[in-house]
Amino acid sequence: MVSLISSAHDINNSRQFFLHHRLESSNSVGELKQIHAFIIKKGSPQFQIRLLHDKIKSLVESSSCNENLTYACSLTKHLQNTHLFNSIIQCLSASNSKTNSREAISLYREMLIQGLLPNTYTLPYVLKACAKSRSLTVGQQIHAHSLKTALLSNVYVFNTLMRLYAVCGTIEAVHKLFHFQPGSRRDLVSWTTLIQAYVKIGYPKVAILSFFDMCQASLRPDGMTLVIVLSACSKLADLNLAIKIHRYILDNNLNTDVFVDNALVGMYLKCGRTHFACKVFDEMPIKNVVSWNSMITGLVRQGKFKEALDKFRRMQAIGLKPDDVTFVGVLNSCANLGLLELGKWVHAYMDKNDIRADGFIGNALVDMYAKCGSIDQAFRVFQGMKCRDVYSYTAMIVGLAIHGEAQKALEVFSEMSRVGIEPSEVTFVGVLSACSHAGLVEEGCKHFDDMSKVYNLKPQTAHYSCMVDLFGRAGLISEAVELVKYMPLVPDAFAWGALLGACKIHGKVELAEIAVKKLVKIEPEREGAYILMSNVYSSAYRWKEAMKLRKIMKERKLKKTPGCSSVEVDGEVHEFRKGDKSHPKSIEIYKLLEEITNHSKNIFTSAPFEG
DNA sequence: GTAGGGTTAG
């Protein structure tokens, strides 16, 4: 067949154009085969490959149809050409399917079996497939081929091999490979891959040091490098470093990329500098959905939920379509502000736009309904989820525990174990607080023990506090005291608060006095401990001490957390604090409030059965 | 014909 092809004359230009057009519009493999047969008769192998490349690409992309893929692969048997193998391996490794990546690796094997040698294009393609399918062992074999064939001296081969080791988490291999390669053979991509490997593995400091080394080696970073460097700064949350890198970017005119600006916004928010982030954000010449998401999620992380929702509203006002990341931020804000209506609106939007309540967004929806008091709706969403992970189960368990539905929370926990999802530390906070509220001492103790024995999780202060609460509520005061005394971590305000709460229920005045002293030491500014203690005195009819404590509170001018309420009108949140007159309609609001008060007074002071 | 990029949870 090869001799037949090589002896044929090439097709003229107009015919080439015609064939190209026919190939593009052909939808069936049958038709493709006919056209291909014609090309085999009339064209050179190079022409066939060039012409077939795009078609192969679309065949691979629609490889849900096996016939297409089989046909594309069968071409390699007839043509036995490195370029064609490269084309198909490239197409297969470009797709996100693991099956296609594995198919790419098999084709590489087939190529070697046919006696063809890989070139500088083959190895980057097949290494990309190895990285996508996390095929480290095959990658190591290809590493050996690259040494044997001297292809490792090619910078593309070298970089993709480094990337393979990086995504497989073998940082030592990345480090070794990079430092054994002569400096002249390393380019910006090599450095970027190295820096990214350090960030991914959790060494942001080493990543930054490598970036400085790169600058020392007189390489100028581009947008891609900077995005990774900025993400390392974010992880370190080091403001001084952040400012230094930002200045470097400005001085060198490197912020010409929306990706870099987004990373800057995210970095400043991670460092807790909202106004810096806003400044970068406001001055961005181009903003995309990720820019808005960075802003929204950054504000949510800082607990600035109202501001996050303001940003969401502005994003809507300019007509930018939100995506699932946006909604996770919005749902999170709703959960923390108790905005059920807005949360419901997001859910309706999701239904309307075929966004499935799964993954991140499904979990955020469960959490929102649970925190906004709609525990039944949270449960319905949870049950409707196709795949539930540790986050879904935890959100559900914690939600049920908050609502006092201990039994149901424990049932969900058993289901979680049954389906083989490993719980996390947070799951146990939910489980233990459920036990505590339901007075299930034995069960609580068992779960607490299981944490370390079965699940290899180290109990944290929050778990000890739950146990103190569990013992305290059940009246097992000495067990609660023992735990506070001998716990391996320093008891926090929750632990002492739980003990104080138990003292109030069970009238333990002396012990309460010890607990309150500790509590005041930890939180001297807050009035909660004093109020609780004064209640302990009152419950024991020790009025004098109770009065004395209230006097001390007055003298120390303790900060009272102002009562705060919020209402949601047409999706906008209005917050009110005691004595707060910052609302734009404050005058009208207070006027109406006075009218309502007077009206109520009139009702209550007027004689019964009158009007 | 080739390699490296950002935002998401309990």
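Residue numbers start from 1 in every chain, and the chains themselves are labelled A, B, ... in the order their sequence lines are given, proteins ahead of strands. Hydrogens, waters and symmetry mates play no part in the numbers below; they use all other heavy atoms, side chains included.
Nearest to the side-chain atoms of Val328(A) among the listed nucleotides dT7(B), dT2(B), dA9(B) stands dA9(B). Comparing dT2(B), dG5(B), dT8(B) by their nearest atom to the side chain of Tyr121(A) picks out dT2(B). Closest contact between the side chain of Tyr125(A) and the listed nucleotides dA9(B), dG10(B), dG1(B) involves dG1(B). For Ser424(A), the listed nucleotide lying nearest its side chain is dG10(B); candidates were dG10(B), dT2(B), dT7(B). The nucleotide whose nearest atom lies closest to any side-chain atom of Tyr156(A) is, among dG10(B), dA3(B), dG1(B), dA3(B). Of all nucleotides listed (dA3(B), dT8(B), dG5(B)), dT8(B) comes nearest to the side chain of Phe360(A).
Not one side-chain nitrogen or oxygen of Arg301(A) sits closer than 4.0 Å to the OP1 or OP2 atom of dT7(B). For dG1(B), neither phosphate oxygen OP1 nor OP2 lies less than 4.0 angstrom from any side-chain nitrogen or oxygen of Asn119(A). Between Lys128(A) and the phosphate of dA3(B), there is a side-chain N or O to OP1/OP2 separation shorter than 4.0 Å.
Side chain Thr192(A) to base dG5(B): no donor-acceptor pair is found below 3.5 Å. Residue-to-nucleotide contacts include no donor-acceptor pair under 3.5 Å from the side chain of Thr193(A) to the base of dG4(B).
Remark: side-chain polar atoms of Asn353(A) are not paired, donor with acceptor, to backbone N or O of Ile355(A) under 3.5 angstrom. Formation of a donor-acceptor pair under 3.5 Å by the Asn252(A) side chain with backbone atoms of Leu254(A) is not found in this model. Panel note: side chain His463(A), backbone Glu425(A); a donor-acceptor pair is recorded below 3.5 Å.
Scored by the salt bridge (charged side-chain N to carboxylate O under 4.0 Å, His left out) test, Lys344(A) finds Glu341(A) as partners (sequence neighbours excluded). By the salt bridge (charged side-chain N to carboxylate O under 4.0 Å, His left out) test, Glu110(A) is found to be paired with no residue, residues two or more places apart in sequence or in another chain being considered.
Residue-level contact check: Val390(A) touches the bases, meaning some heavy atom is under 4.0 Å from a base atom. Base contact: Thr427(A) has a heavy atom under 4.0 Å from a base atom. Ser190(A) comes within contact range of no nucleotide atom at all, as no heavy-atom separation falls under 4.0 Å. Across all strands, Asn332(A) comes closer than 4.0 Å only to sugar-phosphate atoms, never to a base (heavy-atom distances). Base contact: Leu188(A) has a heavy atom under 4.0 Å from a base atom. Here Asn154(A) lies out of heavy-atom contact (under 4.0 Å) with every strand. Across all strands shown, Asp187(A) has heavy atoms under 4.0 Å from base atoms, whether or not it also approaches the sugar-phosphate. Residue Gly223(A) is classed as a base contact, given a heavy-atom separation below 4.0 Å to a base. Contacts of Asn363(A) with the nucleic acid, taken as non-hydrogen atoms under 4.0 Å apart, include base atoms. Counting non-hydrogen atoms under 4.0 angstrom, Thr120(A) reaches a base of the nucleic acid.
Distance Phe158(A) CZ to dA3(B) P: 16 Å, rounded to the nearest Å. Rounded to whole Å, the distance from NZ on Lys200(A) to P on dG4(B) is 11 Å. Look at CG on Leu127(A): it is 10 Å from C1' on dA3(B), rounded to the nearest Å. Here the C1' atom of nucleotide dA3(B) and the CG atom of Leu151(A) are 15 Å apart, to the nearest Å. For the pair Tyr391(A) OH and dA9(B) C1', the computed distance is 6 Å after rounding to whole Å. Rounded to an integer number of Å, the gap from Met385(A) CE to dG10(B) P is 13 Å. The distance between atom CZ of Phe211(A) and atom P of dG4(B), rounded to the nearest whole Å, is 20 Å. If you take CG of Asp323(A) and P of dA9(B), they are 13 Å apart, rounded to a whole angstrom.
Residues of residues 160-172 of chain A having a heavy atom closer than 4.0 Å to DNA chain B, listed by number: Thr160(A), Arg163(A).
Using cut-offs of 30° and 60° on the angle between ring planes, the pair Tyr455(A) and Phe428(A) is tilted. Using the six-membered ring where Trp is involved, Tyr203(A) and Tyr198(A) have ring planes that are tilted, between 30° and 60° apart.
You'll find the side chain of Tyr268(A) reaches within 4.5 Å of the side chain of Ile243(A), heavy atoms only.
Between the side chains of Tyr108(A) and His145(A), a donor-acceptor pair is found at a separation under 3.5 Å.
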